[in-house]
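To keep things clear, I will list the structure first and then write my remarks on it.
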2 protein chains.
Amino acid sequence: MTAHPGFPSASSLTEHQEARRRRILAASTALARRGGFGAVQMREVAESADVALGTLYRYFPSKVHLLVATMYDQLERLHETLHRHPPKEPEPAARVAVTLMRAFRALQREPNLAEAMLRAFTFADRSAGAEVDAVSRLTTEIILDAVGARDAPMPKRLSAVRVIAHTWHSELIGWLSGRISIEQVQEDIETVCNLITTETISDVRR
Amino acid sequence: MTAHPGFPSASSLTEHQEARRRRILAASTALARRGGFGAVQMREVAESADVALGTLYRYFPSKVHLLVATMYDQLERLHETLHRHPPKEPEPAARVAVTLMRAFRALQREPNLAEAMLRAFTFADRSAGAEVDAVSRLTTEIILDAVGARDAPMPKRLSAVRVIAHTWHSELIGWLSGRISIEQVQEDIETVCNLITTETISDVRR
DNA sequence: GGCATCATTGAAACTTGTTCCAGAATATCG
DNA sequence: CGATATTCTGGAACAAGTTTCAATGATGCC
C-alpha cells in the first residue's frame, strides 16, 4: 500500500509505470493546452493516455492532484530554461522581476494551460498539500536562483520570497481572468520585487 | 431579461425578492460555517433557504457566484466593524498590517466559512468577473482606509495595495490549507505592508 | 512451473453542480 | 377586474468527478 505513484518524479516505479505516468501527464498537458481547466476531463485524460479510469485515479487521486503535478512538471522545464539563460541584470530585485516577467510571458503563450494549472493550484485543499508544497518549493527555488545569493537566505528574505511567489500566482490568475492588464502585472511584479531590496530597511512591528 | 438579481446589494428588487436573496445568503453562510466549501451544496442551500433550485440559480448563476457574493457580504460587515474601531498606530504601514491581522483573526474563528469563500474567490473565472471585481474593490477600500490618506492615491500606491490584497488572500488560503503557520502569516503580512512605506524609494526598472 | 500478490481493465454506479421545462403563483398594466 | 408577462416551483434530466468491483494480467518468489 504505497502512496499514489504519481508524485513528483516517481520514486520506485517500473518502466511501464513510469511510462504510464508520463503518458498521463502528457495527455493532461495536451488537453489543458487545448481548452483549459474545463477541458481536462478525467475520462478523456484516461482514454487519451490509454489507461483505465481507475488507473488514472490510482496515479493521481483527483483532477487537482493531476493538474498540480502537471504544473510541477512544467515548472521543472521552466527552471531548466532559466538555468541555461540566467538574467544578467546587476540588481537582485531586477533579476527577480525580469525572471518572473519572462516566466509570465512564457505562460502567456499557453493561456489555457496556465489557467488549468493555476486554477487547480489555488483551488487545492489539504489533500493535495504535499503536491502543492512541492510546487511552492520549486517556485521558491526559481526566485532564489534569480536573487543569486549562494548561501542560505535569512528568514526575512524567505518571507519576501514567499510574498513574491504569492503575488506572481495572483497576478497570473488575475491576468488570465481578464481582471488585470499586462501593464498592471508588470507594475505589480516590480513593486513586489522591491521587497528584495528593502527587506532589511524597516520593520513595521512596534 | 435583467442580469441575475443576486449581485452586490440588489438594485431593484421587490421586498420578497430582497428577502429571498437574504435567505439564500444566510443559508450559504450557515452551511459554509458548518462544513466549508464542500458543505455548500446547491440543493441544500435551496432547501434551507426555502426556494426552488431553479430560483437559486436565477439569483446566483453558480456556486462560485453564490460564495463570492457571500464573501462580499461578510467583507461589508468587516468593513463596518473596522470603521467603528479604526487602528491607531502612527505608521500607515503598521495600520495596514494591524488591520489585516485583525481581519485575519476574525476569519480564523470561522475557518470553514473563510475556506469556502476564499476557495470560491480564487477559483472564479471570467463569468464571475463582476462579482470578483466588487470584492476586490471592497478589499482595496479597506486597505486604503487603513492607510488613511484621504486624497486619491498615486498609481504606485495602488500597485502596492493590489499586491497587499493578493498577499492577504494567499496567506489566508495557505493558512487554511495548513501550509503556512500563523507566525509566517504575521511575518509575511508585515513584510508586504512595508511596501506602503517604501513604495517610492526605489524603482527596479533599468 | 506454480502460487501469491499486486496492478490494470472495463464498466457500472454514485454524487453534486447545472440545465430544462411545464404548470402554478405573482406582479404589472390598461 | 382581466389580460399578460414575469417569477417561482417541483422535478426530471444531464455532465463530469469520483468510487467500486469482479475479472484479467503482470510480477516476483519458492
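To find a chain, count down the sequence lines: A is the first, B the second, and so on, and within it residues start at 1. The analysis underlying the following values was restricted to heavy atoms, covering all of them including side chains, and did not include hydrogens, waters or symmetry mates. For clarity, every value in this text was computed on a predicted model and none was experimentally measured.
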- B:Thr70 and B:Thr29 side chains, donor-acceptor separation under 3.5 Å: no
- Tell me which residues in residues 46-54 of chain A put a heavy atom below 4.0 Å from DNA chain C, sorted by number, or none. A:Asp50, A:Val51, A:Ala52
- Starting from P on D:dT18, measure out to CG on A:Leu66 and report it in whole angstrom. 10 Å
- Query: Going through the checks in order, is the ring pair (Phe, Tyr, Trp, His ring centres under 6.0 Å) test met by B:Phe104 and B:Trp175?
  - Reply: CA-CA 10 Å; B:Phe104 191 90; B:Trp175 177 77; 5.7 Å; yes
- Could you state the atom-to-atom distance from OH of B:Tyr57 to P of C:dC20 in whole Å? 12 Å
- Query: Just how far, in rounded Å, is C1' of D:dT9 from CD1 of B:Ile24?
  - Reply: 13 Å
- Query: Can you find an N or O donor on one side and an acceptor on the other, under 3.5 Å apart, linking the side chain of B:Arg43 with the base of C:dT18?
  - Reply: yes
- Message: Contact list please: residues 114-121 of chain B against DNA chain D, heavy atoms, distance less than 4.0 Å, in numerical order.
- Response: none
- Rounded to whole angstrom units, what separation is found between the CZ atom of B:Arg58 and the P atom of C:dA25? 18 Å
- Query: Per the side chain to side chain contact (heavy atoms under 4.5 Å, CB included) rule, which among B:Ile164, B:Val192, B:Leu195 passes with A:Thr191?
  - Reply: B:Leu195
- Task: Would you mind reading off the distance between A:Phe123 atom CZ and C:dG17 atom C1', rounded to a whole angstrom?
- Result: 12 Å
- For B:Met42 and B:Leu56, work out which heavy atoms get closest and say how close. O-CD2, 3.3 Å
- OP1, OP2 of C:dT26 versus side-chain N and O of B:Gln17: anything below 4.0 Å? no
- Task: Can you run down the ring-ring contact (aromatic ring centres under 6.0 Å, His included) pairs that involve residues 30-53 of chain B, sequence neighbours left out, and say none if there aren't any?
- Result: A:Phe123-B:Phe37
- Query: A:Glu44 has an atom CD; how far is it from atom P of D:dT18, in whole Å?
  - Reply: 15 Å
- Query: Between B:Glu171 and A:Arg162, is there a side-chain N and carboxylate O pair less than 4.0 Å apart?
  - Reply: no
- Side chains of A:Leu113 and A:Arg33 in contact at under 4.5 Å (non-hydrogen atoms): yes
- Task: Kindly say if A:Tyr59 contacts the phosphate of C:dT8, meaning a side-chain N or O under 4.0 Å from OP1 or OP2.
- Result: yes
- Query: Quick one: do A:Arg22 and A:Asp73 make a salt bridge, cutoff under 4.0 Å?
  - Reply: yes
- Task: Take atom CE of B:Met42 and atom P of D:dA13, then tell me their distance rounded to the nearest Å.
- Result: 21 Å
- Heavy atoms of other groups near A:Gln108 CD, more than 12 under 6.0 Å: yes
- Note on the structure: Of the candidates D:dA16, D:dT9, C:dT18, the side chain of B:Ser62 sits closest to C:dT18
- When all nucleic acid strands are considered with a 4.0 Å heavy-atom cut-off, which category describes B:Val64: base, sugar-phosphate, or nothing? nothing
- Task: With heavy atoms under 4.0 Å as the rule, sort B:Val45 into base, sugar-phosphate or nothing.
- Result: nothing
- Message: Against A:Gln186, only a single residue in A:Gln184, A:Glu183, A:Glu190 fulfils side chain to side chain donor-acceptor pair (under 3.5 Å); can you say which?
- Response: A:Glu190
- Candidate nucleotides C:dT18, D:dT18, C:dT8, ranked by approach to the side chain of A:Lys63 - the nearest: D:dT18
- Message: Rounded to whole Å, please give me the gap between NE2 in B:His65 and C1' in C:dT19.
- Response: 15 Å
